[in-house]
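These notes are about the structure you will find just below.
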2 protein chains.
Amino acid sequence: MADNSIRRGMGWATMADVAREAGVSLMTVSRVYKRPESVSPRTRENVLKAGARLGFLPNSVAGNLASGKTNMIGIVVPSLRNSNNATSIQGMADYLRQASYHFMIANTGYSLEDETAVVKAFVQRRPDGIVLTGTRHGQETVDLLKAAGVPVVETWETKGPFLDMATGFRNYEAAREITAHLIERGYRKIGYIDYPAIGLTRYVERLAGLKDELKAAGLPSGQIVSPLEAQDLYQDASSFRGGAVGLQMLQGKYDIDAVLCASDILAVGALFECQRQGIAVPRQMAVAGFGDFEIAAEVHPGLTTIRTNGYQIGWNAAEMLVQRILQPDADIPLRDVGYELVTRGST
Amino acid sequence: MADNSIRRGMGWATMADVAREAGVSLMTVSRVYKRPESVSPRTRENVLKAGARLGFLPNSVAGNLASGKTNMIGIVVPSLRNSNNATSIQGMADYLRQASYHFMIANTGYSLEDETAVVKAFVQRRPDGIVLTGTRHGQETVDLLKAAGVPVVETWETKGPFLDMATGFRNYEAAREITAHLIERGYRKIGYIDYPAIGLTRYVERLAGLKDELKAAGLPSGQIVSPLEAQDLYQDASSFRGGAVGLQMLQGKYDIDAVLCASDILAVGALFECQRQGIAVPRQMAVAGFGDFEIAAEVHPGLTTIRTNGYQIGWNAAEMLVQRILQPDADIPLRDVGYELVTRGST
DNA sequence: TTGTAGGCGTTATCAT
DNA sequence: ATGATAACGCCTACAA
């Protein structure tokens, strides 16, 4: 055991090893890898060569402990295989990458208990920031985040109150707008396929927008079905099927000539069901969705929907966190990414 | 500065604080949070109460440094918004969660350089294991992983050589099987919509399987188009469109009565294009895919495809890593999750 | 079952 | 520009 520095370690070369090899102090090595410009070129080259010779890679864990910064973001989403979030996650990933942050991610399956567990596990790893989906959180989660004092962004909504920062779009207004579009197109018997009523405020908002717009037009506003169970939201497959089943439910209960859905996947499911039943879209039945997922433009006929910029939401969330991290007392206002009615052949 | 323990810290209570509060030693506190059963119930209660009073949450970063274990897995995927991987990621997430591991994830955009960068960044954080997608990796990546000595699983393929462990299915055989199905159904003019030829071995295998099966049947095996660029693989939207464009390309160059696609998303795109052109599927044109993604069962007509268990691949990968971590010298053999031809209305 | 001592590999701070 | 020293908060190893 001539080399005192490899005792409990895992065989890795450490900065001390590199320092010895290069004939400089440990701190110089640290500087070379952290702020290369703060070291003279000559020394820097020597150290880098010594490091390469030893196969040295800085141990971030040690650095994190010493500096109190982890350069790690925790992302909490309801589901990983729901296309709803994928684009948004990619937006965060892209921003974080260029800002030299990494992220851990975990899903809650729409359960508040699981969300608390996830947040607790994350907080123990001392992330520099946390992204949550939506604004519905258990009290324990809220307390945990408050105690941790970690920057938090909530996504997909613009209606507070928020824990800290937020970015999203106006779900209520968007729902009114697409409903108004259906009415303007001449549809009078409009059904709605909703997500399970588990208190997700973004869907509560959409439903409220639909109802208010229908009422304002003097149309029936109670033609609503909710074919999914909470656990179905976990993956897209159920939502496709939910759209089909939802349409059947509407057909059984009401006389409808248009169906609006809480998400594009539901709407595509309903559209497929129309194809199976031989119902002409949009002549006999209009179909409209929410989200403008990639598939919306590809189905035939194309799906009328509300376009929201999920990628931008993710990008924003990451950017807001990093801004706050770099400038802890910055006041970071809500960012509304907007929405846009996209009319296609289905209405 | 009465309290010596909060100097550079971030305001968090530490085990030392809890120890003082509970009147025990620091080690007892550590044990309470790590192996509660190794502490007497009475002491444990006291410590937990003291911890709760101080809002204590163990700092994993410090624990990681001291123990040399991070309970963290690094997952490297080509893209985050490609449904190809989402199910597999969920499989890993579900296994890792119940095993008390967390994961970081990063995407490479199918670039070897980016993969190296990602792996390097991961390795610096000292994950206990790493999951890679596919078997095509740059030399630098390979060297890095070898030097790190971290357990690695490669996914989606069963044909080595592998860096370490692997789980996937037999792409070549699966492609032969679905091609044979088309031939058996009476199709003789079979076109293939391929992914970009960037050396992804799983797609190389599929193409080889198709060609060999066609040749064995004495059919033309060169009717192949590749409508996508490498960067298009990044998201599903391009693949839908690629399927449509690919079909048009095949129609322009060849006289085909069936189209097989390197993935379901391409196939669905081709199917939608048939709908737009008013081509009857499967009477005038058969369409087949690869993967049995969720949408395959939902389109009309349903898509004939190769079902693979992406969720299981993810689950396996995580399980294999954890096994190896717990038992470093264990020999963990390749796991083939198999595949299954699923025939639906499109052929 | 509980405690003591020492170290994990890096960074902050203060000197030089 | 470089170095010496003391943390960062926890865990391993060993002792009591």
Side-chain angles (χ1 to χ4, degrees), chain A residues 1 3-47 51 54-71 123-126 128, chain B residues 1 3-47 51 54-71 123-126 148:
Chain A
M1 298 292 134
D3 189 340
N4 182 49
S5 79
I6 304 186
R7 258 161 308 193
R8 261 197 340 203
M10 295 131 286
W12 283 96
T14 71
M15 284 190 176
D17 300 325
V18 177
R20 210 173 302 126
E21 173 85 10
V24 296
S25 81
L26 192 158
M27 263 319 293
T28 299
V29 178
S30 174
R31 288 189 183 102
V32 166
Y33 286 93
K34 261 217 122 198
R35 292 190 303 122
E37 72 283 0
S38 74
V39 173
S40 83
R42 210 178 108 68
T43 311
R44 191 195 311 149
E45 288 313 310
N46 277 338
V47 169
L54 300 181
F56 172 72
L57 264 191
N59 181 330
S60 300
V61 178
N64 296 163
L65 178 60
S67 70
K69 292 169 178 308
T70 54
N71 271 43
V123 166
Q124 293 194 189
R125 291 184 185 281
R126 302 296 191 266
D128 291 339
Chain B
M1 299 289 139
D3 188 339
N4 182 50
S5 79
I6 304 185
R7 256 160 308 189
R8 265 201 335 207
M10 294 130 286
W12 283 96
T14 71
M15 283 189 177
D17 299 326
V18 177
R20 209 172 303 126
E21 175 84 11
V24 297
S25 81
L26 191 156
M27 264 319 295
T28 299
V29 178
S30 173
R31 290 191 181 100
V32 166
Y33 285 93
K34 262 217 121 199
R35 291 191 303 122
E37 72 283 0
S38 73
V39 173
S40 83
R42 211 177 107 66
T43 311
R44 190 194 313 148
E45 289 312 310
N46 276 339
V47 169
L54 299 180
F56 172 72
L57 264 190
N59 181 330
S60 300
V61 177
N64 297 163
L65 178 61
S67 70
K69 294 171 176 307
T70 54
N71 272 41
V123 166
Q124 292 193 193
R125 297 192 125 86
R126 303 295 191 265

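Fair warning: this is a prediction, and the values are worked out from it, not measured in the lab. Naming: A, B, ... by sequence-line order, numbering from 1 per chain.
- Using a 4.0 Å heavy-atom distance criterion, A/Thr43 is classed as a sugar-phosphate-only contact.
- Atom NZ of A/Lys69 is separated from atom C1' of D/dA7 by 17 Å (rounded to the nearest Å).
- Checked against side chain to side chain contact (heavy atoms under 4.5 Å, CB included), A/Ser30 has the following partners two or more places apart in sequence or in another chain: A/Met15, A/Met27.
- Looking at heavy-atom distances under 4.0 Å, B/Tyr33 makes no contact with the nucleic acid at all.
- A/Leu65 has its CG atom 12 Å from the P atom of C/dA12, to the nearest Å.
- Separating the CG atom of B/Asn64 from the C1' atom of C/dT10 is a distance of 14 Å, rounded to the nearest angstrom.
- Nucleotides of DNA chain C nearest to B/Arg44 and B/Ala62 differ in position, and the one nearer the 5' end is that of B/Arg44.
- Which of D/dT2, C/dT11, D/dG9 sits closest to the side chain of A/Val39 comes down to D/dT2.
- Atom-to-atom, CZ of B/Arg35 to P of C/dT2 comes out at 12 Å; the value is rounded to the nearest Å.
- Shortest non-hydrogen contact noted between B/Phe56 and B/Thr14 is CE1-C, 3.6 Å.
- Every residue two or more places apart in sequence or in another chain that forms a side-chain hydrogen bond (donor to acceptor under 3.5 Å, both in side chains) with B/Glu21 is listed here: B/Arg53.
- Once rounded to the nearest 0.5 Å, the distance linking CD of B/Glu37 with CZ of B/Arg44 reads 8.0 Å.
- Contact annotation: B/Ser40 reaches the phosphate of C/dT2 (side-chain N/O to OP1 or OP2, under 4.0 Å).
- Remark: B/Asn64 engages A/Val61, A/Arg125, B/Ser60, B/Thr70 in a side chain to side chain contact (heavy atoms under 4.5 Å, CB included) (not counting sequence neighbours).
- Between the CZ atom of B/Arg42 and the C1' atom of C/dT2 there is a distance of 14 Å, given to the nearest Å.
- For B/Ser38, the side-chain hydrogen bond (donor to acceptor under 3.5 Å, both in side chains) criterion is met by no residue, not counting sequence neighbours.
- Considering only side-chain N and O atoms, B/Ser67 lies nowhere under 4.0 angstrom from the phosphate OP1 or OP2 of C/dC8.
- Counting to the nearest Å, the C1' atom of C/dT2 and the CG atom of B/Asn46 are 14 Å from each other.
- Contacts between residues 23-31 of chain A and DNA chain D, defined by a heavy-atom separation below 4.0 Å, involve A/Val24, A/Ser25, A/Met27, A/Thr28, A/Arg31, listed by number.
- A straight line from CG of A/Asn59 to P of C/dG7 spans 18 Å, rounded to a whole angstrom.
- In this structure a side-chain-to-backbone donor-acceptor pair under 3.5 Å is present from B/Arg126 to B/Val123.
- Between the P atom of C/dT10 and the CG atom of A/Leu57 lies a distance of 10 Å, rounded to the nearest Å.
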